[in-house]
Amino acid sequence: MARIVKKEEHTAKRNEILDVALQLVYSKGYDKMTIQDILDQLEMSKGAFYHYFDSKADVLEALVERMVAEQVESHFLPIVQNPQLTAIEKLRRYFDTAVQWKTSNKALIMELTRVWYSDENALARQKIFAKMVTHVTPLFVEIISQGVREGTFSTPYPEFASQINLSLIQALGDTFARMLLSEEAKSSNTLQEAESLIAAYNDALERLLGAPKGSIHLMDTETLKEWFPQEAATAQL
């Protein structure tokens, strides 16, 4: 029993550190946040901190991993487990929920994106993607298998299709991140480029799953305008 309590205390303290780090990311930005800021907030020694995390980058990796796990448990599992929804409806809700969450947390996502796509975090990105695949692949397998049973998907390889699906979504996310971080995001063609990109990925996923044409929608134009506000203003001129 004592060992279980000790493990729970370790998890609780680790989450307390992550909570403070998240507040600092919001208030100061990741680049300006220091380990000392975290220590000051928690009145913790450096020795105690390093018992939970190896570095500032390790904190960022843990933050992102926790966000992925929380999304899966609180948002995606109820969709997958809903017996009233068809496979296509589940996919649509899955994508809608992910997009809505990111849009409602846009400030945090943009801050993390600026850090996350720096060269020094390439290995961390790879690790997080591997963990996301572990969390999310079973959900996609369940949805795709349901679609095959319903006759709306025709892929004979639900598990491999799920992994490829995630790889495509990851690639789309990487491309969007580069667009958002680039000075070219201010150009008049960015929204049109983003819309074409979404259309291409919708088509690719439909072909991968053997889904009906027009059945998959990763993101709508109104949401894209939330991410490219200057482009939206330019388009109205």
Side-chain angles (χ1 to χ4, degrees), residues 64 67-68 70-72 74-80 82 85-106 108-110 112-113 116-117 125 128-129 131-133 135-148 150 152-155 157-182 184-185 189-229 231-232 235:
V64 176
M67 287 165 59
V68 170
E70 287 175 349
Q71 274 193 307
V72 169
S74 62
H75 295 115
F76 299 151
L77 272 179
I79 295 172
V80 176
N82 188 333
L85 299 176
T86 66
I88 288 179
E89 288 170 338
K90 288 180 180 180
L91 271 187
R92 286 176 178 171
R93 291 200 187 185
Y94 182 99
F95 294 136
D96 286 347
T97 299
V99 169
Q100 288 169 9
W101 184 88
K102 289 178 181 178
T103 302
S104 64
N105 291 277
K106 181 181 174 183
L108 172 62
I109 297 300
M110 286 300 299
L112 292 178
T113 297
W116 207 235
Y117 283 87
R125 288 200 308 275
I128 285 296
F129 177 64
K131 290 173 182 176
M132 185 185 74
V133 168
H135 281 297
V136 179
T137 293
L139 304 184
F140 274 109
V141 170
E142 189 169 340
I143 293 174
I144 294 171
S145 297
Q146 177 184 340
V148 171
E150 292 171 347
T152 51
F153 300 155
S154 62
T155 175
Y157 308 108
E159 184 170 352
F160 292 121
S162 299
Q163 294 172 10
I164 297 170
N165 187 13
L166 285 171
S167 295
L168 286 172
I169 294 171
Q170 177 70 13
L172 176 62
D174 290 345
T175 301
F176 262 32
R178 288 193 293 270
M179 291 171 65
L180 288 167
L181 296 177
S182 171
E184 294 177 1
N189 295 323
T190 307
L191 181 60
Q192 184 178 355
E193 181 184 350
E195 288 177 313
S196 297
L197 191 63
I198 289 292
Y201 273 85
N202 288 342
D203 181 69
L205 291 175
E206 287 166 359
R207 292 173 184 270
L208 170 67
L209 300 177
K213 181 71 174 175
S215 61
I216 292 180
H217 306 282
L218 290 171
M219 187 182 296
D220 60 35
T221 299
E222 291 306 311
T223 304
L224 284 173
K225 288 179 180 179
E226 291 286 330
W227 290 92
F228 299 98
E231 168 60 25

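Please read all numbers here as calculations on a predicted model, not as lab measurements. As a basis for the values below, the full set of heavy atoms in this structure was taken, side chains included, without hydrogen atoms, waters or symmetry mates.
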Under the ring pair (Phe, Tyr, Trp, His ring centres under 6.0 Å) test against F140, which residue among F76, Y94, F153 passes? Y94

As an exercise, state the distance from CG of L91 to CD of E206, rounded to the nearest 0.5 Å. 10.5 Å

If you measure from the Lys or Arg side-chain nitrogens to the Asp or Glu carboxylate oxygens, is any gap between R92 and E89 under 4.0 Å? no

Checking L209 against I216 for the side chain to side chain contact (heavy atoms under 4.5 Å, CB included) test, could you report, in this order, the C-alpha distance in whole Å, the side-chain angles of both residues, the deciding distance, and whether it holds? CA-CA 10 Å; L209 300 177; I216 292 180; 3.9 Å; yes

With the threshold set at 4.0 Å, does a side-chain nitrogen-carboxylate oxygen contact exist between D203 and R207? yes

Rounded to the nearest 0.5 Å, what separation is found between the CD atom of E226 and the OG1 atom of T221? 12.5 Å

Rounded distance [0.5 Å steps], CD1 in I88 versus NE2 in H217: 9.0 Å

K90 side chain vs I143 backbone, donor-acceptor pair below 3.5 Å: no

Would you sort out whether T152 and T86 count as a side chain to side chain contact (heavy atoms under 4.5 Å, CB included), showing the intermediate values? CA-CA 9 Å; T152 51; T86 66; over 6 Å; no

E150 vs Q146, side-chain hydrogen bond (donor to acceptor under 3.5 Å, both in side chains): CA-CA, chis, key distance, verdict: CA-CA 6 Å; E150 292 171 347; Q146 177 184 340; 2.7 Å; yes

Interatomic distance, CD1@I109 vs NZ@K106, rounded to 0.5 Å, equals 11.5 Å

Checking the side chain of T97 only, and the main-chain atoms of R93 only, is there a donor and an acceptor separated by less than 3.5 Å? yes

Relative to the ring of F176, is the ring of F228 parallel (under 30°), tilted (30 to 60°) or perpendicular (over 60°)? perpendicular

With sequence neighbours excluded, tell me which residues meet side-chain hydrogen bond (donor to acceptor under 3.5 Å, both in side chains) with S104. none

When you compare the side chain of W101 with that of H75, does any pair of heavy atoms fall below 4.5 Å? yes

Kindly say whether M179 contributes a backbone atom to a donor-acceptor pair with the side chain of S182 at under 3.5 angstrom? no

Residues at least two apart in sequence or cross-chain that pass side-chain hydrogen bond (donor to acceptor under 3.5 Å, both in side chains) with D220, listed by chain then number, are T223

Dump the intermediate steps for side chain to side chain contact (heavy atoms under 4.5 Å, CB included) on T155 and L208, then the final yes or no. CA-CA 7 Å; T155 175; L208 170 67; 5.9 Å; no

Cut-off 3.5 Å, no hydrogens considered: what does the side-chain donor-acceptor table look like for residues 158-166, sequence neighbours left out?
{"unit_1": "S162", "atom_1": "OG", "unit_2": "V141", "atom_2": "N", "d": "3.1"}
{"unit_1": "S162", "atom_1": "OG", "unit_2": "P158", "atom_2": "O", "d": "2.7"}

